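A note on names: the letters A, B, ... follow the listed sequences, proteins ahead of strands, and every chain is numbered from 1. Just so you know, these numbers come straight off a predicted model, no measurement behind them.
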Amino acid sequence: MKTQENSSKHVIIIGNGIAGVTAAITIRKLSDYCITVISGENEHFYARTALMYLYLGQLRYENIKPYEDWFWQENRIELRHAWVNRIEFEEKTLILASGETLAYDKLLLATGSQTAFYNWPGQESKGVHGFYDLEDLAKIEKATQRGGKAILVGGGLIAVELAEMLHSRNIDTTILIRDAHYWGKNLPKAEAEMVRKRLEQKGINLLFKTTLEQLEQDSEGWVCAAITNEQERIPCTFVGIATGVQPNLELVKNGSINTQKGILVDQFLETNIPEVFAAGDCAELAFAENRIEQIWYTGRIQGETAGYNICGHQVPYERGVPFNSAKFFDLEFQTYGSVNPEVNTEESSLFWQNEAGTASIRINYLKDELKTVTGFVLLNVRYRQEVCETWIREQKPLEYVMKHLKEANFDPEFHRRHEKSIQHVYKSGN
Amino acid sequence: MDFSEKTAWFSKKAALPLVLTWAGLLMALLPLFLKSYFISVLSATGFGLFTLGSIWYIYLKFRNTDSANLQHYVWFNQFSARRSAAWLLGIILTAFYIVLFWFPEYLTGLIRIFDPLSFLLRGRQADEWFLYGGLYTLAILIMGVRALLKYQSSPYHKWRTVSIMFFQLVLAFILPNVLALFKEPEFYFSYFWPLKYDYLFPVSFENLQKHPGGLTTFMLFWTVSLSFLATPILTYFFGKRWYCSWVCGCGGLAETAGDPFRQLSNKSRKAWQLEVAIIYPVLGFITLTTALLWLNSYYKGGILGSLSGGFAHTYGFFIGMIFSGVVGVGFYPLLGSRVWCRFGCPLAAYLGWLQKHFSRFRITTNGGQCISCGNCSTYCEMGIDVKWYAQQGKPIIRAACVGCGMCATVCPRGVLKLENKKPEGRYEPTSFIHAESLRIL
């Protein structure tokens, strides 16, 4: 696979998140290119997904580095801890903040994203933070040491992570959620209800159909209250912004690269400028309804795809059967394929939950003759990705899946299995 | 940090059990310094109060633990984060081992407290080894309750903990002593060669034959078949965990009393290299020693002559006492709970070799779901960098793995599963990390 002729070529990757680093490793696997990964944020790659565990005292910074430090040098991946000021696409060079100029043959933009702030009056107050990187974490640590009450804005995964963090420090927390139920776009109502119950049992206050209007600050500039769309004034000492992220475009904004919300790329993750690629949180998939995919798994698959294409293997980006997972306190969430039959009228679903409301299985299927299975939504039940993906890809009918459900189970040994329960629901429904 | 409210609430409720624990401990240790009948009664009461207080405290602390919060605050804690309290505890534990091994006379007062129990179980006075066995078992039982509460969300951990508590109490403490009561050899059914290396030495066979009878014949049969028959078969089906984290007393202490320190094991590649460089030579040494002793016995002392037994003696001193005792347990708060199991135990080396090459056991990674958070590696007591495999979608097959299951329990995405599936395709990685057949490094 390795192509000697290319050994003199220099690939520069801007950004050392999961997309940039996966691309670097893929390129090293495929070629002898010189590889430089530049990051202004941090010298080494770390897992953003693990930041909450630092706050919980569960991990330390050295635990969240996915590779030991020797890895980079041994695999001839040069790391540069520096900010890039400018890219000259014509000359194929970049200029670092230090003034140093670097020449590249191929360039990957994996600049990531940043917390989306929606211009709320008062958002610049002290104690108002997003939760994206180590710097945010340090600020949150400092702000929450003051004690008091916290408001979180947003009804998604980051809001729950923050809630879990604050709960561990016994900080009274309220989440403002725009939708009528939690994580409305992704969770069917029954599952959203289970999550709501669990969060409320943990003492988290949830305000649905509620958005943030503005923030008030005290005489020292610290946030002291949030005003909602209902004109309710909620006193607080910390505000966590968890309303999503937006691509980092500062570096390419005024250049010749085509952007909209993100950096526009074709199916090979190449931008409009030849030999310049983009992957991860910053990339906007022009060939796929201008989707911007900002989860860990897609970052990794995009980085890998970009790596292949940088090495001259024409590999189109294919996400495959979508999957995702999360954890809401002690509720584990896993999903394969289509998630929410409530927004798709062609689908229906088979649903089972245990009496305590702490575990559930949902199997989505098309309302056709065969009841073709399209997706799985699981709470506190683990299924094998390989098995679920194969069933969905091969369009297995519900009957087949119900018969073979045991093969999918990935629960730990000695755990109570729930296959019989949902098979019972299936039989009684027929 | 705003722990104030939580801490205040907690300390109020925990005050009485904590006072009981500490007062009980002080009372229990009085005979080390003073001697009288009254002091003895006080000490025995102290042991009772200590047990009661510590279990009460543990109950308050861990009763509400669930699958999400079981490792919270670990790196904020004085003991588990290797801060000054941990160093102090390490020094105390190490000092205890040094006194036990080389200056047991200083423990006499404490040993006498165990006389009633010793007479009850084995019909004679306690000695320093009876004291040690008693304290060891007490530690596994009290901290076993802690493990049962802390890992209450995981049936695997519950069963495993019950198992190690049972094997320690019954097979490693009560039974050997009761055997002594009936004038039978003091035999440990849950230990065997090459951990209990002398069980296969000629001298042990001679000793056992000094007590002729059905039971001693059974013991001979038991120890040989456990080493050479049961071990390969059970390891084939379940991996080395059937012993290391379900039966073994060293493992039992590590899984219970050592649990607050499991994250301190070194995960670096260098530590792995050191592990391989030490543990296999230890196994080689004990195998060679055993073979030489048998040859020597066959030739009636013609080979080793006066050196006979010298090997075993040296081994017993350096490996048995210093390695497994002083470093293995004394350094729990500094190096983690499985230093002996990882670097020194010859049985772990034997089991690990079987596990790596002749076993169905592996830890499966579920597709491409790993988020590289590092929880699995951090809480691996054997220092395996689990995420190295998981983030590439590979199954984890490592000689060192004792199958404690903690990586799977702390994984926030449920990505890992301990499995005993058929050996075919055991090393197969998932197809999800790479579109084509290429693998990362």
Side-chain angles (χ1 to χ4, degrees), chain A residues 1 18 22 25-26 28-30 47 49-50 53-54 56-60 63-68 70 75 141 144-148 164 168-171 296-297 300-301 304-305 308 313 315 318 320 323 325-327 329-332 334 382-386 389 410-416, chain B residues 1-7 9 66-69 71-77 81 153-156 158-159 263 267-269 364 366-369 371-375 377-379 385 387-388 391 405 408-410 412-415 417-420 430-436 438-441:
Chain A
M1 265 302 182
I18 180 67
T22 309
I25 294 169
T26 309
R28 174 48 67 240
K29 184 78 187 168
L30 297 171
T49 45
Y53 303 109
L54 302 189
L56 295 170
Q58 185 162 328
L59 300 175
R60 296 160 306 162
N63 301 128
I64 69 167
K65 287 198 266 188
Y67 297 93
E68 274 189 75
W70 53 259
N75 290 290
E141 179 72 62
T144 53
Q145 279 183 16
R146 302 163 67 235
E164 193 173 340
S168 80
R169 305 276 177 97
N170 232 31
I171 295 171
W296 182 263
Y297 309 121
R300 193 189 64 225
I301 303 169
E304 186 183 72
T305 308
Y308 276 102
H313 304 262
V315 177
E318 273 171 39
F323 65 97
S325 61
K327 195 164 182 176
F329 284 85
D330 58 346
L331 278 184
E332 267 181 30
Q334 243 186 18
R382 301 173 185 172
Y383 277 3
R384 283 173 207 274
Q385 186 173 2
E386 268 91 353
E389 149 131 4
F410 197 72
D411 281 329
E413 294 160 303
F414 300 103
H415 267 240
R416 200 166 156 190
Chain B
M1 282 175 208
D2 185 50
F3 302 120
S4 49
E5 211 182 324
K6 194 176 218 167
T7 320
W9 170 87
D66 61 34
S67 77
N69 60 13
Q71 305 292 8
H72 282 188
Y73 288 171
V74 164
W75 294 105
F76 296 152
N77 183 290
S153 58
S154 160
Y156 181 74
K158 279 198 277 186
W159 283 111
Q263 66 286 346
K267 315 304 192 291
S268 71
R269 185 173 54 169
T364 308
N366 194 8
Q369 306 218 32
I371 53 172
S372 297
C373 69
N375 276 297
S377 298
T378 304
Y379 288 94
D385 192 0
K387 73 171 178 302
W388 168 264
Q391 66 194 358
T409 300
V410 297
R413 296 292 180 272
V415 173
K417 178 173 161 65
L418 282 61
E419 292 197 288
N420 308 313
T430 176
S431 55
F432 283 93
I433 303 285
H434 287 263
E436 293 179 23
L438 286 152
R439 302 279 150 226
I440 294 179
L441 299 168

Relative to chain A, which of N375(B), V410(B), D385(B) shows the most heavy atom pairs under 4.5 Å? N375(B)

Just so I know, are the side chains of N366(B) and E386(A) near enough to count as touching, which here means a heavy-atom distance under 4.5 Å? yes

Counting distance only, does the side-chain N/O of Y156(B) pair as donor-acceptor with the main-chain N or O of H415(A) below 3.5 Å? no

If you round to the nearest 0.5 Å, how far is CH2 of W296(A) from CD of Q391(B)? 8.0 Å

Closest non-hydrogen atom pair, D411(A) against K417(B): O-NZ, 2.6 Å

Is there a donor-acceptor contact under 3.5 Å from the side chain of Y73(B) to the main chain of S168(A)? yes

Is P412(A) in contact with chain B via its backbone, its side chain, both, or neither, using a 4.5 Å heavy-atom distance? backbone

Measure across Y53(A) and P412(B) and return the closest heavy-atom pair with its distance rounded to 0.1 Å. OH-CB, 2.9 Å

Could you give the distance from CZ (F323(A)) to CD (Q369(B)), rounded to the nearest 0.5 Å? 6.0 Å

Within a strict 4.5 Å, meaning less than it, do heavy atoms of the N69(B) and F329(A) side chains meet? no

Heavy-atom distances under 4.5 Å only: say whether K387(B) touches chain A with side chain, backbone, both or neither. side chain

Report the residues that fulfil side chain to side chain donor-acceptor pair (under 3.5 Å) with Y383(A), sequence neighbours left out, ordered by chain and then residue number. E419(A)

Parallel, tilted or perpendicular, as decided by the 30° and 60° cut-offs, for the rings of W388(B) and Y67(A): perpendicular

dist L59(A):CG -> Q263(B):CD (nearest 0.5 Å) comes out at 10.0 Å

Tell me, for S153(B) versus chain A, whether the close heavy atoms (under 4.5 Å) come from the side chain, the backbone, both or neither. backbone

When the 4.5 angstrom heavy-atom criterion is applied to R382(A) and chain B, the contacting part is side chain

Backbone of R269(B) reached by a side-chain donor or acceptor of E68(A) within 3.5 Å: yes

Okay, side chain of Y379(B), backbone of Q58(A): is any donor-acceptor separation there less than 3.5 Å? yes

For the atom pair CZ (F410(A)) and CD (E419(B)), what is the distance rounded to the nearest 0.5 Å? 6.0 Å

Please look at N77(B) and chain A and tell me whether the side chain, the backbone, both or neither of the residue comes under 4.5 angstrom of a heavy atom of that chain. neither

Atom CH2 of W75(B) and atom CG of L56(A): how far apart are they, to the nearest 0.5 Å? 14.5 Å

Got more than 12 heavy atoms from elsewhere within 6.0 Å of CH2, W159(B)? no

With side chains defined as the heavy atoms from C-beta onward, is the minimum distance between R413(B) and Q334(A) less than 4.5 Å? no

With side chain to side chain contact (heavy atoms under 4.5 Å, CB included) as the test, would you mind laying out the steps for H72(B) and E164(A) before giving the verdict? CA-CA 11 Å; H72(B) 282 188; E164(A) 193 173 340; 4.2 Å; yes

Okay, K158(B) and chain A: the region with an atom under 4.5 Å from a heavy atom over there is neither

Taken in chain and number order and not counting sequence neighbours, the residues that satisfy side chain to side chain donor-acceptor pair (under 3.5 Å) with S67(B) are K327(A)

Okay, L54(A) and chain B: the region with an atom under 4.5 Å from a heavy atom over there is backbone

Under a 3.5 Å distance rule, please check whether R300(A) uses its side chain to pair with a backbone N or O of G368(B) as donor and acceptor. yes

Closest contact, heavy atoms only, I371(B) versus T49(A): O-OG1, 2.8 Å

Name the region of E318(A), side chain, backbone, both or neither, that has any atom closer than 4.5 Å to a heavy atom of chain B. neither

For E413(A) and L418(B), what are the C-alpha separation, side-chain angles and deciding distance, and is it a side chain to side chain contact (heavy atoms under 4.5 Å, CB included)? CA-CA 7 Å; E413(A) 294 160 303; L418(B) 282 61; 3.5 Å; yes

Under 3.5 Å, side chain of D330(A) to main-chain N/O of A68(B), donor-acceptor pair present? no

Under a 4.5 Å cutoff for heavy-atom pairs, which residue among A47(A), A326(A), A50(A) has the most contacts with chain B? A326(A)

